[in-house]
Amino acid sequence: MALSGKLTKKRVENLGPGRHGDGSDLYLVVDPSGAWRWTVRVVVKGQKNK
């Protein structure tokens, strides 16, 4: 389930596995194990990272 807009503490506590957007190419990735990590998409010379 992807959310739009800013992630709040309450929203983050209730997220299931998946990639959840916080706006402006910032994502919180929740693993099936429950581990969390933040990822960010950047553009360098017109090329986006994956």
Side-chain angles (χ1 to χ4, degrees):
M1 174 177 104
L3 298 173
S4 62
K6 297 295 179 192
L7 294 176
T8 63
K9 181 179 177 182
K10 185 176 181 179
R11 281 183 171 178
V12 169
E13 289 172 347
N14 294 311
L15 291 175
R19 183 173 163 198
H20 308 280
D22 190 46
S24 300
D25 296 325
L26 179 65
Y27 299 91
L28 177 63
V29 179
V30 180
D31 292 335
S33 67
W36 298 353
R37 67 182 177 275
W38 288 98
T39 62
V40 65
R41 296 210 39 177
V42 297
V43 177
V44 177
K45 295 183 181 180
Q47 299 291 319
K48 285 190 176 186
N49 68 343
K50 296 180 181 183

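Starting from 1, each residue takes its place in the sequence as its number. The figures that follow rest on heavy atoms only: side chains count, while hydrogens, waters and symmetry mates do not. Bear in mind that the values here come from a model prediction, so they are computed numbers and not experimental data.
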Notebook entry, point to check: Taking only residues two or more places apart in sequence or in another chain, which ones pass side chain to side chain contact (heavy atoms under 4.5 Å, CB included) with Lys9?
Noted result: Glu13
Item checked: Heavy-atom closest contact (Arg37 atom, Asp31 atom, distance) -> NH1-OD1, 2.8 Å
Checklist line | Heavy-atom pair with the smallest gap, counting every atom of Pro32 and Pro17 | finding: CA-CG, 3.9 Å
Notebook entry, point to check: Rounded to the nearest 0.5 Å, what separation is found between the CG atom of Leu26 and the OG1 atom of Thr39?
Noted result: 7.0 Å
Margin query: Is there a continuous path of hydrophobic side-chain contacts, each under 4.5 Å between heavy atoms, that joins Val29 to Trp38?
Written below: no
Next item on the list: Please name the pair of heavy atoms, one in Arg19 and one in Arg41, separated by the smallest distance, quoted to 0.1 Å.
Entry: NH2-CD, 3.4 Å
Notebook entry, point to check: Side-chain heavy atoms under 4.5 angstrom apart, residues restricted to Ile, Leu, Val, Met, Phe, Trp, Tyr: same cluster for Val44 and Tyr27?
Noted result: no
Item checked: Criterion side chain to side chain contact (heavy atoms under 4.5 Å, CB included) on Trp36 and Leu15, from CA distance to verdict -> CA-CA 10 Å; Trp36 298 353; Leu15 291 175; over 6 Å; no
Notebook entry, point to check: Where do Val30 and His20 come nearest, in terms of heavy atoms and distance?
Noted result: CG2-CD2, 3.9 Å
